[in-house]
Amino acid sequence: MSMKKVYDHKKTESKWYSFWEKKGFFKPEINPKGKPYTIILPPPNANADLHFGHAMYVIEDILIRYHRMLGDSTLWLPGADHAGFETQVVFEKHLAKKGKSRFDFDRETLYKMIWDFVHINKGNVETQLKRLGFSLDWTRYKFTLDPEIIKIVQKTFKKMYDEGLIYRDYRLVNYCTKHGTSFSDLEVVYEDRKSPLYYIKYGPLTLATVRLETKFGDTAVAVHPDDKRYQKYIGKEIDIQTVIGPKKIKVIADESVDPKFGTGVIKVTPAHSHIDFDIGKKHNLEIRQVINFDGRLNEKAGKFAGMKVKEARSAVAEEMQKKGLIEKIDDKYKNRVGVCYKCGTEIEPLPMEQWFVKIESLAKKAIESVKNGEVSIYPKNFTKVYFQWMENIRDWNISRQIVWGIKIPAWRCLDCKKWVVTNGPTPKKCTHCSGSKLERDPEVFDTWFSSSQWPYATLQTARKGDFEKFYPTSVIETGRDILFFWVARMIMMGIYSTKKAPFKDVVLHGTVLDPLGKKMSKSKNNVVNPLEIVDQYGADAARMALVYGTAFGNDQTLSHPKLQAMRNFTNKLWNIGRFIIDMKPEKVKSAPILNKDDKWILEELDKTTKFVTVSLEKYRFNDAADTLYEFIWHQFADKYIESSKNRREESQPILEKVLGESLKLLHPFMPFITEELWQRLPNKTQDSIMVSEWPIISKK
RNA sequence: GGACGGUUAGCUCAGCGGUAGAGCGCUGCAUUCACAUUGCAGAAGUCACAGGUUCAAAUCCUGUACCGUCCACCA
């Protein structure tokens, strides 16, 4: 079939993906003897379509296709994440549109509804990944809620519990009163606020506080041990007036009090402030909870009971002012307030029992694995960020009070109140007292607890022998915004469970911003669907645009002019192909004598081959892409092809050779058009360019 | 309060020790001879600012300004 003047990406791209898949080219088995090369796809959330930023997965496809052509036994394993809390929030929004809420359904029904919702979305996501040309081995597809994955996650929990690395503790958690769940420290975002700072009288002392409404939970007043002003009160009880009557309160000394802040005196509210909780623990103070999980004050607040935190604050302030208990109000005070990263509700530190991972020993090994080079992070300046975070890490709260997730396999014995933990199955009786009345912990794991086990959980359950062959994986490639959430935790959990870090290289890409340079988000309504871009410019152009012209690791702005340029490039390539293949002269000299031009282009091809290869090894994708563009367009097409026109019969073999090699080098970046042209090459050596050999630099 | 990244042609960005580069845009010319999603030619930047190191700095060091991001339980 003769070739049209203008390249039609829609025609080409629709046919090759299924061809590749049918041939089994995405499976590592096509190179059974090659050395293993593995990437686990960061499983996209199953609750929504991919946005254009996900197209950065192209980096992984480039690496995978390159290594497949090198002859490696190459595996790129796809999956999806149930994305616990995230998904529940998305689903609640759907419910809200129908005038419903999560409280209208029982647990099982809600779970089932979300399950159905997620399974529709998963299908959409798969279609998107395929349209982008990603050479994923779909026969090994995994979902975080597959029974075999759940089994592994629960088993890990049990093992860690048995070894004392997971414990149950009553302590303050970051709690969103709107969503009704706790969060890890990472999920709290901080906002700058101007909050009135009240100077209140506590008997003979005056202290400064923002959170007036928590005063009903005060169980001490604290000063710095060396603060001369307050020596005589330390250890004594003082009488104070409060809005709900007189009260006695103890004055304690603690190093953590900053004498320079306010008056140097603080109220200690162990139930509602992290720092106070620690002080309280040290001094054995009562944890007096006055704010309930619905964000309202309870009966301990007297007549303020039932009020929401904010109303209570102003109501208390008003009342205290009437009674002359407020000395002054500093209304210029600036502080940072933790809010829910989803809804912006102020996070309440609230005391509750939760499961925690004892993180120190895990972090230590994770730090070590990077220090000793078992794991390398690219771009390398992120190594420092990684260390910083790891060195200051705190125990990880892995309980979530939601329904959508993996259930924690823990039961409390109603007789002896102790916990029974299993690998998953419901225990018949209590292992401590043989009691038979057991109550399951209704909570589920933090999503990241399961995804941190993803590399080994997938490989251990995909196919027999996979784990042995493909673990540790070669590269984890992901957005740098989830370095802590995911990458760091995978390293910790991987080392814990398998004794080996789960990957050798961490490759972090920047964020793809909208055409105006703003972060894409649903709330801003500026999310771009990759399929729109693919329809408009072609998958090849979209892929190339993401790697061309931006240093790897930097943020980039989605640029239509750039997409257009890459679309033009595909057309240029198409016409190069058309000229060489479709307009082949009738007579061709079989053993040409090389002239100056021939030698020059072959030399340039060599240089390009070398440069592209080295750049890929160093994860310098833009260098490789820029060079290929320059070589193919400006050296091969503009110079060599032009000069060859008056000696076509002689140069035809060179034209074919350079085209073939260029297509191979370009294939990882632009798989569809390179396959289309490859299939038309008169001298093609394999069924598909996908399984052809990566060009080798010819010897001089 | 710390840390990291950015600041280079009108726009979007490469370059990161040897007298400034790309894509888009702009100007002029060419052409139904693979490609107008084209070719050729060209204009365009005191490389944020101030010091320093060096024979030589956009590139290294110090500091400043402005943008962006991340981390931190200051009441």
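Each chain gets a letter, A, B and so on, in the order its sequence line appears, and its residues count up from 1.
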Problem - Along RNA chain B (nearest heavy atom to each residue), the more 5'-positioned of Ile266(A) and Gly577(A) - result: Gly577(A)
Problem - Residue mapping more 5' on RNA chain B - nearest nucleotide basis, Ala208(A) or Lys5(A) - result: Lys5(A)
Remember a base hit wins even if backbone is also touched, and classify [X] as base, sugar-phosphate or nothing at under 4.0 Å, heavy atoms.
X: Arg578(A); answer: sugar-phosphate
X: Arg620(A); answer: sugar-phosphate
X: Ser559(A); answer: nothing
X: Asp623(A); answer: nothing
X: Phe277(A); answer: nothing
X: Glu642(A); answer: base

Problem - Non-neighbouring partners of Phe382(A) that pass ring-ring contact (aromatic ring centres under 6.0 Å, His included), sequence neighbours left out - result: none
Practice task
Kindly write out the residues that satisfy ring-ring contact (aromatic ring centres under 6.0 Å, His included) with Phe611(A), not counting sequence neighbours, or none if the list is empty.
Solution key: none
Separation between the [atom1] atoms of [N] and [M], rounded to whole Å:
N: A22(B); M: G39(B); atom1: P; value: 15 Å
N: A9(B); M: C47(B); atom1: P; value: 10 Å
N: U12(B); M: C26(B); atom1: C1'; value: 16 Å
N: C11(B); M: G28(B); atom1: C1'; value: 22 Å
N: C33(B); M: G21(B); atom1: C1'; value: 33 Å
N: A58(B); M: U7(B); atom1: C1'; value: 11 Å
N: G15(B); M: U59(B); atom1: C1'; value: 9 Å
N: U54(B); M: C61(B); atom1: C1'; value: 12 Å

Fill in the blank from the handout: For Asn568(A), the side-chain hydrogen bond (donor to acceptor under 3.5 Å, both in side chains) test, sequence neighbours excluded, returns none
Problem - Lys684(A): partners by side-chain hydrogen bond (donor to acceptor under 3.5 Å, both in side chains), with sequence neighbours left out - result: Gln679(A)
Practice task
Evaluate the criterion side chain to side chain contact (heavy atoms under 4.5 Å, CB included) for residue pair Ile200(A) and Gln321(A); output intermediate values, then yes/no.
Solution key: CA-CA 9 Å; Ile200(A) 63 174; Gln321(A) 232 155 358; over 6 Å; no
Practice task
Could you go through the side chain to side chain contact (heavy atoms under 4.5 Å, CB included) check for Asn526(A) and Leu516(A) one step at a time?
Solution key: CA-CA 10 Å; Asn526(A) 60 353; Leu516(A) 299 172; over 6 Å; no
Practice task
Take atom CZ of Phe611(A) and atom P of G15(B), then tell me their distance rounded to the nearest Å.
Solution key: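 After rounding, the reported distance stands at 10 Å.
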Problem - Leu655(A) CG to C35(B) C1', straight-line distance once rounded to whole Å - result: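 Whole-Å distance recorded here is 15 Å.
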Handout entry: Ion pair Glu286(A)/Lys250(A), N-O distance below 4.0 Å
Key = no
Practice task
Assess whether one donor atom and one acceptor atom, taken from the side chain of Lys572(A) and the base of C35(B), lie less than 3.5 Å apart.
Solution key: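 Looking at the base of C35(B), it does pair with a donor or acceptor on the side chain of Lys572(A) (distance under 3.5 Å).
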Problem - Pair of N/O donor and acceptor under 3.5 Å linking A34(B) base with Lys645(A) side chain - result: yes
Handout entry: Watson-Crick or G-U pairs under 3.5 Å in RNA chain B, rendered as dot-bracket with [ ] for crossing pairs and | for another strand
Key = ((((((((.[[[[.)..(..]]]].((((((....).))))).....[[[[[..)....]]]]])))))))....
Problem - Nearest heavy atoms of Trp389(A) and Ala488(A), plus distance in Å - result: CZ3-CB, 3.5 Å
Problem - Any Leu677(A) side-chain heavy atom under 4.5 Å of Met3(A) side chain - result: yes
Problem - Side-chain heavy atoms of Pro379(A) within contact of Arg480(A), under 4.5 Å - result: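 Heavy-atom side-chain distance check fails, nothing below 4.5 Å.
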Practice task
May I ask you to decide if the ring planes of Trp448(A) and Trp486(A) are parallel, tilted or perpendicular, using 30° and 60° as cut-offs?
Solution key: tilted
Quick one: side chains of residues 277-285 of chain A, donor-acceptor pairs under 3.5 Å with protein atoms, not counting sequence neighbours, listed by atom name and distance.
from	atom 1	to	atom 2	distance (Å)
Lys282(A)	NZ	Asp254(A)	OD1	3.4
Lys282(A)	NZ	Asp254(A)	OD2	3.1
His283(A)	NE2	Asp254(A)	OD2	2.8

Identify all pairs in which a protein N or O lies below 3.5 Å from an N or O of nucleotides 72-74 of chain B, and state each distance.
from	atom 1	to	atom 2	distance (Å)
A72(B)	N6	Arg336(A)	NE	2.4
A72(B)	N6	Arg336(A)	NH2	3.2

Between the protein and nucleotides 58-60 of chain B, which nitrogen or oxygen pairs come in under 3.5 angstrom?
none

Practice task
Determine, for nucleotides 21-27 of chain B in 5'-to-3' order, which nucleotides have protein heavy atoms under 4.0 Å from the base (write B), from only the sugar-phosphate (write S), or from neither (write -).
Solution key: -SSS---
Handout entry: Asn174(A) side chain vs Phe183(A) backbone, donor-acceptor pair below 3.5 Å
Key =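 Yes; at least one donor-acceptor contact below 3.5 Å.
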Practice task
Examine distances only and state if a side-chain atom of Lys201(A) and a backbone atom of Glu327(A) form a donor-acceptor pair shorter than 3.5 Å.
Solution key: no
Practice task
Taking atom NZ of Lys260(A) as the centre, report whether more than 12 heavy atoms of other residues, nucleotides or ligands fall under 6.0 Å from it.
Solution key: no
Practice task
Could you give me the CA-CA distance, side-chain angles and deciding distance for Tyr619(A) and Phe552(A), then say whether ring-ring contact (aromatic ring centres under 6.0 Å, His included) is met?
Solution key: CA-CA 8 Å; Tyr619(A) 305 123; Phe552(A) 190 70; 7.7 Å; no
Handout entry: Which nucleotide in C40(B), C71(B), U37(B) has an atom nearest any side-chain atom of Asp638(A)
Key = C40(B)
Problem - Qualifying ring-ring contact (aromatic ring centres under 6.0 Å, His included) pairs, either residue in residues 640-663 of chain A, two or more places apart - result: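 Listed by first then second residue: nothing to list.
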Handout entry: By side chain to side chain contact (heavy atoms under 4.5 Å, CB included) - contacts of Glu353(A) (at least two apart)
Key = Arg168(A), Tyr170(A), Arg412(A), Trp419(A)
Can you tabulate the close N/O pairs, meaning under 3.5 Å, that link protein atoms to atoms of nucleotides 3-7 of chain B?
from	atom 1	to	atom 2	distance (Å)
A3(B)	O3'	Lys384(A)	NZ	3.3
C4(B)	OP1	Lys384(A)	NZ	2.7

